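Working notes, structure below.
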Protein chains: 2
Amino acid sequence: MGGRRGDQGDQAAPGGGRAAATRARLLAAATRAFAARGFARASVREVCGAAGCNVAAVSYHFGDKAGLYRAVLLAGFERDAALPPPDDPSRPAGERLHDLVAAFLGRLLAPERHLHARVMTRELVEPTPALREVVEVAFRPLHGRIRALVRELRPDLRPADADLHTLGVIGQCVFYRHARPALDLLHGPDALGAADVPRLARHVAAQVLGGLGRHDLLPLPPPQGHSDDHPRPRRAAARRR
Amino acid sequence: MGGRRGDQGDQAAPGGGRAAATRARLLAAATRAFAARGFARASVREVCGAAGCNVAAVSYHFGDKAGLYRAVLLAGFERDAALPPPDDPSRPAGERLHDLVAAFLGRLLAPERHLHARVMTRELVEPTPALREVVEVAFRPLHGRIRALVRELRPDLRPADADLHTLGVIGQCVFYRHARPALDLLHGPDALGAADVPRLARHVAAQVLGGLGRHDLLPLPPPQGHSDDHPRPRRAAARRR
DNA sequence: GGCCGTTTCAAACGGCCGTTTGACACGACG
DNA sequence: CGTCGTGTCAAACGGCCGTTTGAAACGGCC
């Protein structure tokens with residue numbers, strides 16, 4: 001029997017990258033499967049079928065199914081590490097909050113990025129032993145950034161209330177990912193999807209700023225007039241900045 | 001072999017309610033199991049073990065596992081039908097919104113009621129063929145009630161924006177149920193649970209009212225003051241900037 | 001060529017799953 | 001008492017699961 005590796009971090013495959021290619025196909029297929037059906041319900045036969053390799057490849061390259069799952073999560077962490085826009089303290093806090101929400105929502109919904117986000121947010125609902133790492137690496141840092149902006153916008157807030165505002169933002173965003181099957185039934189299959197990320201981000205940001213009593217900092221003119229008289233055309237110009 | 005019933009709606013058990021008792025135990029154990037682990041991962045052996053009966057009882061009383069699941073959902077619908085407070089149009093819309101949010105959050109988190117809510121909200125994330133019914137019977141009516149209050153509070157809102165405000169409320173509430181495992185890790189196992197329902201409801205209601213630009217309608221005095229004139233004796237004196 | 005470590009494969013293993021089977025216990029009723 | 005319908009049971013069935021096995025294929029190297 002060949003030497004098992006069972007872990008990542010190796011290189012110099014004498015076989016000319018053939019093994020690395022199998023590994024990559026397996027990782028991609030597993031990402032799709034875990035995103036679509038979760039850890040428990042995605043089967044290694046299904047993953048290997050999609051990757052075009054034998055079931056034994058999972059134990060050979062990743063040790064076992066849980067190792068494959070961990071590798072999928074790790075790849076998601078690495079891919080997302082550079083994603084969120086670096087915070088620029090010189091800009092207005094309201095705009096920075098909006099941009100952070102937009103980046104988070106994009107990660108949750110945009111077609112090229114949503115797979116890893118699905119795997120990670122599924123952990124929140126259906127935890128595996130990897131939940132702790134997801135919380136520490138992905139959830140808590142995001143929570144911290146939003147919370148810092150909330151406190152910057154309203155320094156007088158009690159910590160516990162800043163937490164509630166923060167979780168409100170995260171909860172609204174995650175809902176558009178988690179509840180997708182139900183939203184498809186409620187609003188039609190294409191409503192409130194990736195194409196609506198700018199609109200959703202604008203709304204969530206305006207919502208939390210309003211809840212903080214900082215209507216003055218709406219990063220964008222609200223799409224609806226509140227006390228004015230002229231009805232807005234549907235595609236009003238007023239792009240941001 | 002005995003005549004299968006496989007459906008509910010029967011009565012007149014000659015065996016003196018013994019069958020009905022088994023049915024009830026099965027239903028209770030299945031509710032716990034489906035709430036805790038979902039349809040796919042809860043096994044009929046586990047359910048029947050907890051109910052103290054044989055595995056064949058599932059197929060005898062409910063046809064199959066999916067029938068048992070449908071019966072659990074149905075019982076939840078019936079139990080919750082009388083739960084939400086009837087809307088009283090003579091009261092201020094802000095208070096009615098707060099009460100509705102409080103009732104919804106209570107259903108999601110309160111110990112005696114959360115099991116059915118878990119089964120139903122899990123459908124949003126991990127749909128089974130019963131999702132359609134959950135959406136039509138539970139999700140859409142709640143959405144309609146919140147949306148009507150939102151439009152009453154801000155009649156000038158475009159319908160699409162009223163939807164976003166509505167989903168923001170639901171998303172925040174559902175998050176406290178869905179993300180519980182992650183919240184346990186983030187804030188400690190007892191934070192933001194059933195005991196905090198009044199505080200959470202107050203926050204969510206104040207948040208959406210603020211987002212609607214109706215700070216004037218906060219249903220309860222907010223735990224922190226932001227632009228007011230009288231300091232609040234609440235807990236610690238509210239720190240002012 | 002012969003060799004060897006690496007990688008892939010078909011096949012099988014044990015285990016849990018949902019479901020079915022056929023027998024048995026029990027109260028009702030003629 | 002004998003029969004019947006009802007409800008429960010232990011046991012088994014076929015199927016999918018994750019994992020392992022042992023051999024075959026591959027590719028660089030002498």
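These figures come from a predicted structure and were not determined experimentally. Residue numbers begin at 1 in each chain, while the letters A, B, ... track the order of the sequences. Values below: every heavy atom of this structure, side chains too, minus hydrogens, waters and symmetry copies.
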Tell me the interatomic distance from [X], atom [atom1], to [N], atom [atom2], rounded to whole angstroms.
{"X": "A:Y60", "N": "C:dT8", "atom1": "OH", "atom2": "C1'", "result": "9 Å"}
{"X": "A:Y69", "N": "D:dG18", "atom1": "OH", "atom2": "P", "result": "14 Å"}
{"X": "B:L26", "N": "C:dT19", "atom1": "CG", "atom2": "C1'", "result": "14 Å"}
{"X": "A:R41", "N": "D:dG18", "atom1": "CZ", "atom2": "P", "result": "13 Å"}
{"X": "B:D64", "N": "C:dT21", "atom1": "CG", "atom2": "C1'", "result": "17 Å"}
{"X": "A:R37", "N": "D:dC16", "atom1": "CZ", "atom2": "P", "result": "13 Å"}
{"X": "A:L68", "N": "D:dG18", "atom1": "CG", "atom2": "P", "result": "11 Å"}

Taking for each residue the nucleotide of DNA chain D bearing the nearest heavy atom, is the 5' side occupied by A:K65 or by B:R45? B:R45

First of A:A40 and B:A57 reached from the 5' end of DNA chain D, by closest nucleotide: B:A57

For A:A66, answer base if it contacts any base atom (sugar-phosphate contacts may also be present), sugar-phosphate if it contacts only those atoms, and nothing otherwise; contact means non-hydrogen atoms under 4.0 Å. nothing

Under 4.0 Å, heavy atoms only, any strand: does A:V58 hit a base, just the sugar-phosphate, or nothing? nothing

Starting from the C-alpha separation in whole Å, work towards a yes-or-no answer on salt bridge (charged side-chain N to carboxylate O under 4.0 Å, His left out) for B:E126 and A:R37. CA-CA 8 Å; B:E126 210 178 324; A:R37 327 210 305 118; over 6 Å; no

Would you check if B:D64 and B:S59 make a side-chain contact, meaning some heavy-atom pair closer than 4.5 Å? no

When you look at A:L109 and A:L200, which way does the side chain to side chain contact (heavy atoms under 4.5 Å, CB included) test go after all the steps? CA-CA 11 Å; A:L109 300 180; A:L200 297 176; 4.0 Å; yes

Working to the nearest 0.5 Å, report the span between CG of B:L27 and CZ of B:R32. 10.5 Å

Verify the neighbour count for atom CD of B:E133: are there more than 12 heavy atoms of other residues, nucleotides or ligands below 6.0 Å? no

Can you tell which of D:dA10, D:dT8, C:dT19 lies closest to the side chain of B:N54? D:dA10

For the side chain of A:T22, starting at C-beta, report the closest nucleotide among C:dT20, C:dT8, D:dT19. C:dT8

Does A:Q207 use its side chain to pair, donor to acceptor, with the backbone of B:Q207 at less than 3.5 Å? yes

Could you verify whether a donor N or O on one side chain and an acceptor N or O on the other, from B:H114 and B:R107, lie under 3.5 Å apart? no

Taking Watson-Crick and G-U wobble contacts under 3.5 angstrom, with | marking pairs to another strand and [ ] crossing pairs, the secondary structure of DNA chain D is written ||||||||||||||||||||||||||||||

Under 4.0 Å between a side-chain N or O of A:S43 and OP1 or OP2 of D:dC17? yes

